[in-house]
Amino acid sequence: MKKIISIFVAMALLVVLFITCDSGVKFRQISVSEYLEKMKAGWIGQMAGVGWGGPTEFKWLNKIIPEDQIPVWQEQMINQFHQDDIYVEMTFLRTLEQYGLDVSRRQAGIDFANSRYLLWHANKAGRDNLRTGIAPPYSGHPQYNAHADDIDYQIEADYAGLIAPGMPQLAIELGEKFGRLMNYGDGLYGGQFVAGMYAEAFFNTNIEEIILAGLQCIPAQSQYHECITDVLRWFRENPDNWVKTWDLINQKYHLNPDYRKFSCSGATSDFNIDAKLNGAYIVMGLLYGKGDPDSTIIISTRCGQDSDCNPSNAAGILFTTLGMSKIPDKFKAVMDNETKFSYTEYNFPLLVEVCEKLTRAAVLRSGGKIEKNSAQEEILYIPVTKPIPGKLEQCWEPAPISEAVQFSAEELAQIKIRNRPAEDFIHEWQVSGPYNKNQTPGENLFDIVFPPEETANKKVNWQKMPMGEKGFSQYIIQLDKLFSQENCVAYLKTNIWSPEARPATLELGSDDGIKVWLNGELVHQNNVKRGVNPGEDVVQIQLKQGWNPCRLKITQGTGGWGAVAILLDSSGKTMKDIKYQAE
């Protein structure tokens with residue numbers, strides 16, 4: 001009797017998942033409420049993975065992280081609002097929200113070029129290309145981007161699957177639109193693979209089937225496809241020994257130069273940010289975690305290399321299969337629904353809202369429908385389609401470029417942040433410091449007044465900042481290199497000479513917080529923790545005719561410490577008739 005009931009339940013589930021209409025088109029169906037619960041869980045999984053693995057990132061290279069070096073989970077780790085693994089992909093969501101799913105790749109490039117966060121590797125190279133006028137897809141082409149096989153779009157592709165439930169072709173399409181801003185070949189395929197797994201995770205809890213669904217989104221002849229296929233085979237051969245499988249991955253995809261032909265760090269470096277290797281570590285967590293959230297995150301983390309991004313992808317996919325109700329309470333008990341993700345308009349509820357909006361549009365765009373059932377519950381009917389991956393391409397043998405690669409003048413005018421030559425930055429500075437107070441954290445020193453702020457204090461010691469000398473950068477003010485201290489502040493001063501009174505724009509970057517005084521007046525303040533990124537703060541100022549004293553206060557918590565500044569006219573061009581004097 002129990003067997004008969006089980007068969008009946010299984011048949012009922014198939015009816016729920018697949019509906020065939022009179023035209024012969026098959027539909028997958030999921031209620032809007034269930035979609036929301038799974039999509040929310042996908043975001044929570046990303047935050048859990050990156051929060052838990054964050055302290056280990058790139059600290060173990062070419063080796064497994066010892067079990068006793070894995071951090072202990074703490075509930076507040078879930079609130080990852082300042083992680084680039086999370087907020088960068090929200091730039092793409094914002095573009096889709098503003099312009100729709102059919103937005104052009106070039107508009108996507110313009111929006112990414114105007115982002116103000118610090119980036120690395122393929123992301124940075126791609127954005128630098130965009131800011132110099134190289135339009136996508138060439139911003140991610142190996143001829144212009146030495147990091148095109150790196151992990152970057154793989155890190156950021158979660159959004160594409162979370163708004164494409166059961167729509168793998170959309171997951172592929174979004175990669176062609178956004179992934180090509182910075183990646184090519186296996187670097188692109190990594191993101192399309194991850195997004196394809198998410199798309200399947202809304203309807204399937206079988207991890208191997210989810211991985212196979214992801215593989216259908218990328219060319220079967222690619223090294224990336226080969227890598228994941230190998231991991232699946234090795235898992236079946238060693239289902240209870242992930243360390244053995246890790247060693248097989250390491251031997252072929254880390255130590256073998258034939259699989260590191262476009263490795264940005266070189267074929268023999270222990271550091272390996274290639275998408276294939278790190279994609280294998282995502283799959284390791286999913287397979288050997290066997291549906292357990294803790295094991296999935298810990299195994300993916302212990303594989304090493306990019307050991308916060310990889311568990312973030314793995315946990316995001318797993319949590320999507322689970323939905324919010326099946327996520328352990330420790331991952332959602334103290335979730336902050338108010339704080340906005342850095343550099344975005346979204347807190348968690350707004351993030352969920354925009355994903356739902358885009359998903360509804362995607363379902364209709366795919367030929368699906370949204371209808372209410374007899375219980376007045378909204379149901380998404382999604383046509384079943386077989387994904388068609390793009391043509392095979394390889395970074396070490398890229399397709400030749402036979403057309404213009406530049407943005408048009410009109411498009412270029414929309415890019416507000418442009419790469420500037422080092423000589424255009426303000427490089428005449430005097431520095432005073434460092435100043436601290438009873439080991440007070442750097443951000444708490446922001447409003448404490450030290451001698452350089454006291455206008456009546458004439459006994460402040462200043463020294464020339466050695467810009468471009470003794471190994472110092474020509475345009476980055478490297479305070480960490482000069483002072484090597486933490487939890488302190490330093491002050492910088494220069495004088496700006498203008499032949500006439502006029503408005504100007506001061507573009508700034510700082511690590512960490514910054515205050516700016518011009519002609520004795522406070523014109524800007526931003527108490528933040530961040531790295532130096534030119535153009536991150538934009539301040540409109542008014543120059544007087546003649547000399548204009550300018551002073552900066554830069555706070556330091558831990559890690560890097562520095563600043564950059566450049567003066568532009570109202571059209572965004574550098575001011576050639578300006579003089580600087582640091583006395």
* To do: Indicate yes or no: at least one non-hydrogen side-chain atom of Ile382 is less than 4.5 angstrom from one of Phe203.
  => yes

* Start with the C-alpha gap between Phe331 and Phe319, add the side-chain angles, then the distance that decides, and say whether ring pair (Phe, Tyr, Trp, His ring centres under 6.0 Å) holds. => CA-CA 10 Å; Phe331 294 119; Phe319 281 32; 5.4 Å; yes

* Could you walk me through whether Arg28 and Glu200 pass salt bridge (charged side-chain N to carboxylate O under 4.0 Å, His left out), step by step? => CA-CA 11 Å; Arg28 275 175 158 176; Glu200 181 67 16; 2.9 Å; yes

* Asked: So Asp292 and Lys290, salt bridge (charged side-chain N to carboxylate O under 4.0 Å, His left out) or not? Walk me through it.
  -> CA-CA 6 Å; Asp292 178 71; Lys290 299 181 179 179; over 6 Å; no

* To do: Begin with the C-alpha distance, continue with both residues' side-chain angles, and end with the deciding distance and a verdict on side-chain hydrogen bond (donor to acceptor under 3.5 Å, both in side chains) for Glu443 and Asn527.
  => CA-CA 7 Å; Glu443 67 268 24; Asn527 191 9; over 6 Å; no

* Verify salt bridge (charged side-chain N to carboxylate O under 4.0 Å, His left out) between Glu377 and Lys372, making sure each step is shown before the conclusion. => CA-CA 5 Å; Glu377 183 180 29; Lys372 290 183 179 180; over 6 Å; no

* Any donor-acceptor N/O pair, Asn310 side chain to Ser300 backbone, under 3.5 Å -> no

* **Note: Arg365-Asp102 ion pair, threshold 4.0 Å (strictly below)** => yes

* Structure fact -> Looking only at heavy atoms, the pair that brings Lys40 and Phe348 closest together is O-CZ, 3.8 Å

* Structure fact -> Between Cys395 and Tyr184, the two heavy atoms sitting closest are SG-O, 3.5 Å

* **Check: Gln154 side chain, Ile151 main-chain N or O, donor-acceptor pair, under 3.5 Å** => no

* To do: Compare all side-chain heavy atoms of Leu506 with those of His524 and state whether any distance is below 4.5 angstrom.
  => no

* Asked: Side chains of Thr296 and Asp294: does their closest heavy-atom pair fall under 4.5 Å?
  -> no

* Test log, rule side-chain hydrogen bond (donor to acceptor under 3.5 Å, both in side chains), inputs Thr385 and Gln169 -> CA-CA 8 Å; Thr385 57; Gln169 197 61 43; 6.0 Å; no

* Asked: For the atom pair CG (Asp111) and CZ (Arg94), what is the distance rounded to the nearest 0.5 Å?
  -> 9.5 Å

* Side chain Lys276, main chain Gln223, donor-acceptor under 3.5 Å -> no

* Asked: Do side-chain atoms of His141 reach the backbone of Ala399 as a donor and acceptor pair under 3.5 angstrom?
  -> yes

* Asked: Quick one: does Pro383's side chain get under 4.5 Å of Ser366's, heavy atoms only?
  -> yes

* Structure fact -> Value for NZ (Lys391) from CD (Glu393), rounded to nearest 0.5 Å, stands at 11.0 Å

* To do: Apply side chain to side chain contact (heavy atoms under 4.5 Å, CB included) to Asp512 and Val528, showing your working.
  => CA-CA 6 Å; Asp512 291 304; Val528 291; 5.6 Å; no

* Short question: side chain of Asn183, backbone of Ala148 - any donor-acceptor pair under 3.5 Å? -> yes

* To do: Say whether, by atom type as modelled, one donor and one acceptor occur between the side chain of Asn347 and the main chain of Thr339 under 3.5 angstrom.
  => no

* To do: Indicate yes or no for a side-chain donor-acceptor contact from Asn278 to the backbone of Asn272 under 3.5 Å, with no hydrogens or angles considered.
  => yes

* What heavy-atom pair brings Pro219 and Gly390 nearest, and what distance separates the two atoms? -> CG-O, 3.3 Å

* Yes or no on side chain to side chain contact (heavy atoms under 4.5 Å, CB included) for Lys330 and Trp73, after CA distance, side-chain angles and deciding distance? -> CA-CA 9 Å; Lys330 67 180 183 179; Trp73 173 260; 3.8 Å; yes

* Asked: Closest heavy-atom contact between Val523 and Val539?
  -> O-CG1, 3.7 Å

* Going by distance alone, is a donor N or O of one side chain under 3.5 Å from an acceptor N or O of the other, for Asp150 and His121? -> yes

* Going by an N to O cut-off under 4.0 Å, is there a salt bridge joining Arg360 and Glu356? -> yes

* Kindly determine whether Ser312 and Ile155 satisfy side chain to side chain contact (heavy atoms under 4.5 Å, CB included), including the steps that lead there. => CA-CA 8 Å; Ser312 181; Ile155 297 170; over 6 Å; no

* Under a 4.5 Å cut-off applied to non-hydrogen side-chain atoms, are Ser222 and Asp186 in contact? -> yes

* Asked: In terms of side-chain heavy atoms, does Asn79 have a donor or acceptor partner in Asp336 at a distance below 3.5 Å?
  -> no

* Please check if any side-chain donor atom of Tyr343 sits under 3.5 Å from a side-chain acceptor atom of Ser115, or the reverse. => no

* Asked: If every non-hydrogen atom of Tyr153 is compared with every non-hydrogen atom of Leu188, which pair is closest and at what distance?
  -> CD2-O, 4.1 Å

* To do: Could you tell me whether the side chains of Glu156 and Asn123 share a donor-acceptor contact shorter than 3.5 Å?
  => yes

* Structure fact -> What one should report as the nearest heavy-atom pair of Thr229 and Leu215 is OG1-CD1, 3.9 Å

* **CD1-CE distance between Ile30 and Met39, expressed to the nearest 0.5 angstrom** => 10.5 Å

* **Pairwise distance CD(Glu176) to CD(Gln192) - rounded to 0.5 angstrom** => 5.0 Å

* Asked: Would Glu378 and Ser31 count as a side chain to side chain contact (heavy atoms under 4.5 Å, CB included) if you check the C-alpha gap in whole Å, the side-chain angles of each, and the deciding distance to 0.1 Å?
  -> CA-CA 6 Å; Glu378 281 193 297; Ser31 69; over 6 Å; no

* Mind checking the CG-CD1 spacing from Leu130 to Ile110? Nearest 0.5 Å is all I need. => 9.0 Å

* **Close side-chain approach of Met335 to Met47, heavy-atom, < 4.5 Å** => yes

* Asked: If we ignore angles and hydrogens, is there a donor and acceptor under 3.5 Å between the side chains of Ser307 and Glu57?
  -> no

* Where the side chain of Asp158 meets the backbone of Gly42, is there a donor-acceptor pair that is under 3.5 Å apart? -> no

* Asked: How far does CE of Met182 sit from OG of Ser139, to the nearest 0.5 angstrom?
  -> 7.5 Å

* Please confirm whether Tyr87 and Tyr346 have ring centers closer than 6.0 angstrom. => no

* Counting N and O atoms only, with roles assigned by atom type, does the side chain of Ser342 sit under 3.5 Å from a partner on the main chain of Phe81, one being a donor and the other an acceptor? -> yes

* May I have the step-by-step check of side-chain hydrogen bond (donor to acceptor under 3.5 Å, both in side chains) for Glu411 and Ser408, ending in yes or no? => CA-CA 5 Å; Glu411 291 169 329; Ser408 68; 3.3 Å; yes

* Indicate yes or no for a side-chain donor-acceptor contact from Asp149 to the backbone of Phe262 under 3.5 Å, with no hydrogens or angles considered. => no

* Asked: For Tyr117 and Thr91, what are the C-alpha separation, side-chain angles and deciding distance, and is it a side-chain hydrogen bond (donor to acceptor under 3.5 Å, both in side chains)?
  -> CA-CA 11 Å; Tyr117 33 70; Thr91 301; 2.6 Å; yes

* Please examine the side chains of Ile317 and Leu286, heavy atoms only from C-beta on, and report whether any two atoms are closer than 4.5 Å. => yes

* Side-chain heavy-atom pair Lys177, Val103 within 4.5 angstrom cut-off -> yes

* To do: Flag this pair as yes if the NZ/CZ of Lys369 is under 6.0 angstrom from the six-membered ring centre of Phe27 and inside a 45 degree cone about the axis; otherwise no.
  => yes

